[in-house]
Amino acid sequence: MLESAPLPRDFFARPVQVVARELLGKHCTMRCDSVLVVARIVETEAYQSDIDQASHAYRGRTQRNAPMFGAPAHLYVYRSYGIHHCMNVVTTHDGDPASAVLIRAMEALEGEPVLVERRRIHDHWALLRGPGNVCQALGIDLSYSGRDLLLGNPTFLDGSPPPEPVVVTTRIGISRSQDFPWRFYLAGNAAVSRRDRRAEAMTERA
DNA sequence: AGCAAGATTAGC
DNA sequence: CTAATCTTGCTA
């Protein structure tokens with residue numbers, strides 16, 4: 001693999017939709033039990049608190065969502081349905097509403113045996129499919145919430161832009177603000193959690 | 001202090 | 001389609 005540097009804080013200090021889209025194709029490295037895991041981001045969602053009722057920060061700051069109101073390039077992790085964890089990267093910068101990108105799916109590149117062990121499945125494309133599965137595979141829990149990405153582990157690396165077209169569509173699993181087209185994924189990638197054929201058709205035309 | 005809801009997932 | 005499972009945050 002070619003050398004690549006960690007994404008600088010400035011990368012995240014931009015509008016959350018821009019960051020969500022540009023995060024596609026970027027690599028995420030995570031040291032798990034002294035083993036290096038590398039994965040490629042293939043699906044994300046943007047959450048912008050001021051106009052987004054689906055955002056955990058919509059009703060203001062609380063103990064749980066505090067990281068979303070902090071500096072960019074920090075993690076915001078929360079427990080989902082009492083069983084899973086979901087990982088977000090904070091993009092908020094001075095003067096902007098609290099915002100973060102939910103990492104929904106990745107493609108395993110290195111260290112797959114560790115992921116297989118944690119997930120207890122062998123399907124390569126399902127290892128990191130879905131936000132809850134991403135955290136289970138990488139070993140990310142509540143203790144990671146608020147962590148600065150620039151400290152390393154996990155780390156997001158710069159890299160070449162994704163060769164595949166990007167599909168833009170509406171977000172999944174929310175009951176409010178369902179119409180914002182703030183979900184992004186790499187067309188044709190088998191790790192994507194749920195495909196949107198309609199949006200993919202629009203993508204071909206573009 | 002009690003309680004309903006939830007950015008999910010796997011299995012029937 | 002539904003159960004599983006628990007933390008957060010709102011209401012009394």
Side-chain angles (χ1 to χ4, degrees), chain A residues 12 15-21 23-24 28 39 41-70 72 74-92 96-108 115-147 149 154 156 167-186 189-196 199:
Chain A
F12 301 96
V16 65
Q17 297 82 1
V18 173
V19 177
R21 176 193 281 259
L23 231 26
L24 295 178
C28 172
I41 300 172
V42 303
E43 182 185 352
T44 62
E45 280 179 0
Y47 288 86
Q48 178 185 320
S49 68
D50 61 337
I51 58 174
D52 180 6
Q53 297 191 58
S55 169
H56 285 176
Y58 182 68
R59 288 177 175 79
R61 179 175 182 142
T62 63
Q63 185 169 357
R64 178 177 66 155
N65 66 25
M68 285 186 74
F69 291 80
H74 286 248
L75 290 183
Y76 164 49
V77 181
Y78 67 91
R79 196 182 255 306
S80 174
Y81 291 88
I83 327 174
H84 311 286
H85 291 282
C86 289
M87 169 177 59
N88 303 258
V89 182
V90 176
T91 65
T92 307
D96 274 12
S99 50
V101 175
L102 172 69
I103 308 299
R104 285 196 61 91
M106 300 197 280
E107 172 185 347
L115 306 182
V116 168
E117 185 181 357
R118 290 229 175 91
R119 292 273 291 117
R120 310 235 171 146
I121 60 171
H122 286 82
D123 181 350
H124 168 78
W125 294 107
L127 286 174
L128 297 165
R129 177 189 294 150
N133 292 332
V134 164
C135 287
Q136 183 187 15
L138 295 181
I140 297 210
D141 58 19
L142 289 184
S143 70
Y144 280 81
S145 196
R147 184 179 177 80
L149 278 182
F156 288 73
V167 177
V168 182
T169 180
T170 50
R171 298 171 298 176
I172 295 179
I174 53 177
S175 54
R176 290 172 294 186
S177 298
Q178 301 175 56
D179 295 333
F180 290 116
W182 291 351
R183 175 169 175 246
F184 309 88
Y185 68 85
L186 295 183
N189 191 287
V192 170
S193 62
R194 183 188 145 209
R195 296 179 50 183
D196 182 335

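Quick note: numbers below take in every heavy atom, side chains included, and nothing from hydrogens, waters or symmetry partners. Here is how names work: the chains are called A, B, and so on, in the same order as the sequence lines, proteins then strands, and each is numbered from 1.
Between the OH atom of A:Y58 and the P atom of B:dA7 there is a distance of 15 Å, given to the nearest Å. Put simply, CZ on A:R64 is 16 Å from P on C:dC6, counting in whole angstrom units. Rounded to whole Å, atom P of C:dT7 lies 13 Å from atom CD of A:Q63. In this structure, A:H84 places its NE2 atom 9 Å from C1' of C:dT5, rounding to the nearest Å. Remark: C1' of B:dA7 and CG of A:N65 are 13 Å apart, rounded to the nearest angstrom. Straight-line distance from the CG atom of A:L128 to the P atom of B:dT9: 12 Å, rounded to whole Å. As rounded to whole Å, 16 Å separates atom P of B:dA7 from atom CG of A:D179. When rounded to the nearest whole Å, the span between CZ of A:R194 and P of B:dT8 equals 11 Å.
The residue A:R171 sits apart from the nucleic acid: no heavy atom pair falls under 4.0 Å. Among the heavy atoms of the strands lying under 4.0 Å from A:L102 is at least one base atom, whether or not backbone atoms are also near. A:N133 comes within 4.0 angstrom of the backbone, heavy atoms only, and of no base.
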Under the side-chain contact (heavy atoms from CB on, under 4.5 Å) criterion, do A:Y185 and A:R195 qualify, and how do the steps go?
CA-CA 9 Å; A:Y185 68 85; A:R195 296 179 50 183; 4.1 Å; yes
Start with the C-alpha gap between A:H85 and A:Y144, add the side-chain angles, then the distance that decides, and say whether side-chain hydrogen bond (donor to acceptor under 3.5 Å, both in side chains) holds.
CA-CA 10 Å; A:H85 291 282; A:Y144 280 81; over 6 Å; no
May I have the step-by-step check of side-chain contact (heavy atoms from CB on, under 4.5 Å) for A:R183 and A:V192, ending in yes or no?
CA-CA 11 Å; A:R183 175 169 175 246; A:V192 170; 3.7 Å; yes
The test is side-chain contact (heavy atoms from CB on, under 4.5 Å); show your working for A:V90 and A:F12 and say whether it passes.
CA-CA 7 Å; A:V90 176; A:F12 301 96; over 6 Å; no
Verdict with supporting geometry, A:I121 and A:V116, side-chain contact (heavy atoms from CB on, under 4.5 Å)
CA-CA 6 Å; A:I121 60 171; A:V116 168; over 6 Å; no
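The nearest pair of heavy atoms linking A:I172 to A:E45 is N-OE2, 2.9 Å.
Of the P atoms belonging to C:dT5 and B:dG2, the separation is 22 Å, rounded to the nearest Å.
Annotation: salt bridge (Lys or Arg N to Asp or Glu O under 4.0 Å) contacts involving residues 46-64 of chain A, sequence neighbours excluded, comprise A:D52-A:R171. Among residue pairs with one or both ends in residues 118-140 of chain A, those qualifying as salt bridge (Lys or Arg N to Asp or Glu O under 4.0 Å) are A:D33-A:R118; sequence neighbours excluded.
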Grab the N/O contacts between the protein and nucleotides 4-6 of chain B below 3.5 Å, and write none if there aren't any.
unit_1: B:dG6; atom_1: OP1; unit_2: A:S175; atom_2: OG; d: 3.4

Interface polar pairs with nucleotides 10-12 of chain C, N/O, under 3.5 angstrom:
none

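Environment of CD in A:Q178: crowded, with over 12 heavy atoms of neighbouring residues, nucleotides or ligands closer than 6.0 Å.
Sorted by residue number, the members of residues 116-126 of chain A with any non-hydrogen atom under 4.0 Å from DNA chain B read A:R119.
For DNA chain B, each stem of at least three Watson-Crick or G-U pairs (distances under 3.5 Å) is given as range with range: B:1-6 with C:6-11, B:8-11 with C:1-4.
Screening A:V168, A:T169, A:V101 for a side chain to side chain contact (heavy atoms under 4.5 Å, CB included) with A:F184, the sole residue that qualifies is A:V168.
No aromatic stack links A:Y78 and the base of B:dA7, using centre distance under 5.5 Å and interplanar angle under 30°.
A distance of 12.0 Å separates NE2 in A:H56 from OG in A:S49, rounded to the nearest 0.5 Å. In this structure, A:I41 CD1 and A:L186 CG are separated by 10.0 Å, a value rounded to the nearest 0.5 Å.
Proximity of A:L102 to A:C86: side-chain heavy atoms (C-beta onward) are separated by under 4.5 Å at one or more points.
Checked by atom type, the side-chain pair A:S193/A:E43 shows a donor-acceptor distance below 3.5 Å.
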